[in-house]
Undergrad: 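My questions will all concern the structure given below.
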Amino acid sequence: MTTWCLTTSPDNLAKTAELGWSVQGIKSRREPTAKRIAPGDKVFYYVTRHVAFAAAVEVTSRYFEDHEPVWTSKPGEDYPWRFEIRPEVVLDDPDRWVPVDALYDDLTGIKKWPRERCTLAFQGNIREWPEADYKVVKAALEDAAR
């Protein structure tokens with residue numbers, strides 16, 4: 001199992017929610033990463049502008065290519081590398097999303113940066129993260145869901 005942190009906008013998170021948390025797409029330049037994503041992998045969602053975590057899912061399929069427009073960013077980007085997912089914990093209310101700052105001391109994947117610059121850890125669309133960080137984020141999401 002591999003753990004991934006997916007950086008997404010609030011609008012793109014909403015689009016994944018509209019699809020019933022059944023599928024996720026990643027950017028076209030991320031095909032090498034898409035090839036590594038496998039069933040059983042875990043993904044947690046970091047939401048830009050909110051600097052917070054909103055969801056954790058499990059990957060349930062290998063990646064496939066699909067160019068139907070769903071997610072948006074820059075013109076011409078259609079997030080073609082997609083994989084099926086199953087929600088583990090989803091916080092629909094942005095007021096309940098877990099701020100990164102609240103978990104900073106417990107996350108190893110962001111320790112390369114000082115607290116005030118830790119958002120640099122979330123650059124790029126999707127990155128591999130330590131499994132221990134997934135557990136920290138998932139537990140915090142579960143607490144926030146209660």
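The analysis underlying the following values was restricted to heavy atoms, covering all of them including side chains, and did not include hydrogens, waters or symmetry mates.
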Undergrad: Is the shortest heavy-atom distance from the side chain of Phe83 to the side chain of Val23 under 4.5 Å?
TA: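 Contact flag for Phe83/Val23 side chains = no.
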Undergrad: For Pro87 and Val57, which heavy atoms make the closest approach, and how far apart are they?
TA: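 For Pro87 and Val57, the tightest heavy-atom pair comes out as CA-CG1, 3.9 Å.
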Undergrad: Same cluster or not: are Leu19 and Ile26 linked, directly or through other Ile, Leu, Val, Met, Phe, Trp or Tyr residues, by side-chain heavy atoms under 4.5 angstrom apart?
TA: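 No, Leu19 does not connect to Ile26 through the hydrophobic network.
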Undergrad: Using atom types as modelled and distance alone, determine if a side-chain donor or acceptor of Arg96 lies under 3.5 Å from a backbone N or O of Asp92.
TA: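 Side chain of Arg96 to backbone of Asp92, a donor-acceptor pair under 3.5 Å: no, none is there.
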Undergrad: Out of curiosity, Trp71 CH2 to Thr8 OG1, how far, rounded to the nearest 0.5 Å?
TA: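 One finds 9.5 Å between CH2 of Trp71 and OG1 of Thr8.
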Undergrad: How many angstroms lie between atom NZ of Lys111 and atom SG of Cys118, to the nearest 0.5 angstrom?
TA: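 These two atoms lie 9.5 Å from each other.
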Undergrad: Enter the distance from Asn12:CG to Thr48:OG1 here, rounded to the nearest 0.5 Å.
TA: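 Answer rounded to 0.5 Å: 8.5 Å.
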Undergrad: Check Val137, Val136, Leu141 against Val98 for a side-chain contact (heavy atoms from CB on, under 4.5 Å) and give me the one that passes.
TA: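 When side-chain contact (heavy atoms from CB on, under 4.5 Å) is applied between Val98 and each of Val137, Val136, Leu141, only Leu141 qualifies.
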Undergrad: Can Arg115 and Ile110 be said to form a side chain to side chain contact (heavy atoms under 4.5 Å, CB included), step by step?
TA: CA-CA 8 Å; Arg115 183 183 297 270; Ile110 62 176; over 6 Å; no
Undergrad: Please check if the side chain of Glu131 supplies one atom and the backbone of Asp133 the other of a donor-acceptor pair under 3.5 Å.
TA: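 Answer holds: no.
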Undergrad: Do you know the tightest heavy-atom contact between Ala144 and Leu91?
TA: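 Looks like CB-CD1, 3.7 Å.
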Undergrad: Which atom pairs, donor and acceptor, lie under 3.5 Å between side-chain atoms of residues 31-47 and protein residues at least two apart or in another chain?
TA:
unit_1: Arg36; atom_1: NH1; unit_2: Glu128; atom_2: OE1; d: 3.4
unit_1: Arg36; atom_1: NH2; unit_2: Glu128; atom_2: OE1; d: 2.5
unit_1: Asp41; atom_1: OD1; unit_2: Thr2; atom_2: N; d: 2.9
unit_1: Asp41; atom_1: OD2; unit_2: Trp4; atom_2: NE1; d: 3.0
unit_1: Asp41; atom_1: OD2; unit_2: Ala38; atom_2: N; d: 3.0
unit_1: Lys42; atom_1: NZ; unit_2: Glu58; atom_2: OE1; d: 3.2
unit_1: Lys42; atom_1: NZ; unit_2: Glu88; atom_2: OE2; d: 2.6
unit_1: Tyr45; atom_1: OH; unit_2: Gln24; atom_2: OE1; d: 2.9

Undergrad: Starting from the C-alpha separation in whole Å, work towards a yes-or-no answer on side chain to side chain contact (heavy atoms under 4.5 Å, CB included) for Val51 and Thr119.
TA: CA-CA 7 Å; Val51 190; Thr119 56; 3.7 Å; yes
Undergrad: Does some side-chain heavy atom of Trp113 sit less than 4.5 Å from a side-chain heavy atom of Tyr104?
TA: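 No, side chains not in contact.
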Undergrad: So if you build clusters from Ile, Leu, Val, Met, Phe, Trp, Tyr with side-chain heavy-atom gaps below 4.5 Å, do Val90 and Val70 land together?
TA: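 Val90 and Val70: separate clusters.
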Undergrad: Got a second to check how far Arg49's CZ is from Ser9's OG, nearest 0.5 Å?
TA: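 So the CZ of Arg49 and the OG of Ser9 are separated by 6.0 Å.
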Undergrad: Following the transitive rule for hydrophobic clusters with a side-chain heavy-atom cut-off under 4.5 Å over Ile, Leu, Val, Met, Phe, Trp and Tyr, establish whether Ile85 and Trp81 coincide in one cluster.
TA: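 Yes.
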Undergrad: Using side-chain heavy atoms (C-beta onward) and a distance below 4.5 Å, is Phe64 in contact with Asp66?
TA: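 Side chain of Phe64 against side chain of Asp66, heavy atoms only: contact under 4.5 Å found.
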Undergrad: Is it true that Leu103 and Trp97 fall in one hydrophobic cluster, defined by side-chain heavy atoms closer than 4.5 Å?
TA: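 Linked, Leu103 and Trp97 end up in one cluster.
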Undergrad: With side chain to side chain contact (heavy atoms under 4.5 Å, CB included) as the test, would you mind laying out the steps for Ser73 and Lys27 before giving the verdict?
TA: CA-CA 9 Å; Ser73 60; Lys27 292 182 177 182; 3.9 Å; yes
Undergrad: State, yes or no, whether a side-chain contact exists between Arg82 and Glu65 at a heavy-atom distance under 4.5 Å.
TA: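 Heavy-atom side-chain distance check fails, nothing below 4.5 Å.
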Undergrad: Less than 4.5 Å apart, any side-chain heavy atom of Asp11 and any of Thr72?
TA: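 Contact flag for Asp11/Thr72 side chains = no.
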Undergrad: Is there a side-chain contact between Ile126 and Thr7 in this structure, where contact means two heavy atoms from C-beta onward sitting under 4.5 Å apart?
TA: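 Ile126 vs Thr7: side chains apart.
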Undergrad: So, do Phe122 and Leu6 sit near enough that their side-chain heavy atoms are less than 4.5 Å apart?
TA: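 No, side chains not in contact.
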Undergrad: Are Cys5 and Tyr134 packed together at the side-chain level, in the sense that at least one heavy-atom pair is separated by less than 4.5 angstrom?
TA: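 No, too far: nothing below the 4.5 Å cut-off.
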Undergrad: What heavy-atom pair brings Ala121 and Gly109 nearest, and what distance separates the two atoms?
TA: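 Heavy-atom minimum between the residues: CB-O, 4.1 Å.
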Undergrad: Minimum heavy-atom separation for Pro80 and His67, please, with both atom names.
TA: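 That closest heavy-atom pairing would be CB-CE1, 3.4 Å.
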Undergrad: Could you grab the distance from atom NZ of Lys138 to atom NZ of Lys135, nearest 0.5 Å is fine?
TA: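 NZ of Lys135 is found 10.0 Å from NZ of Lys138.
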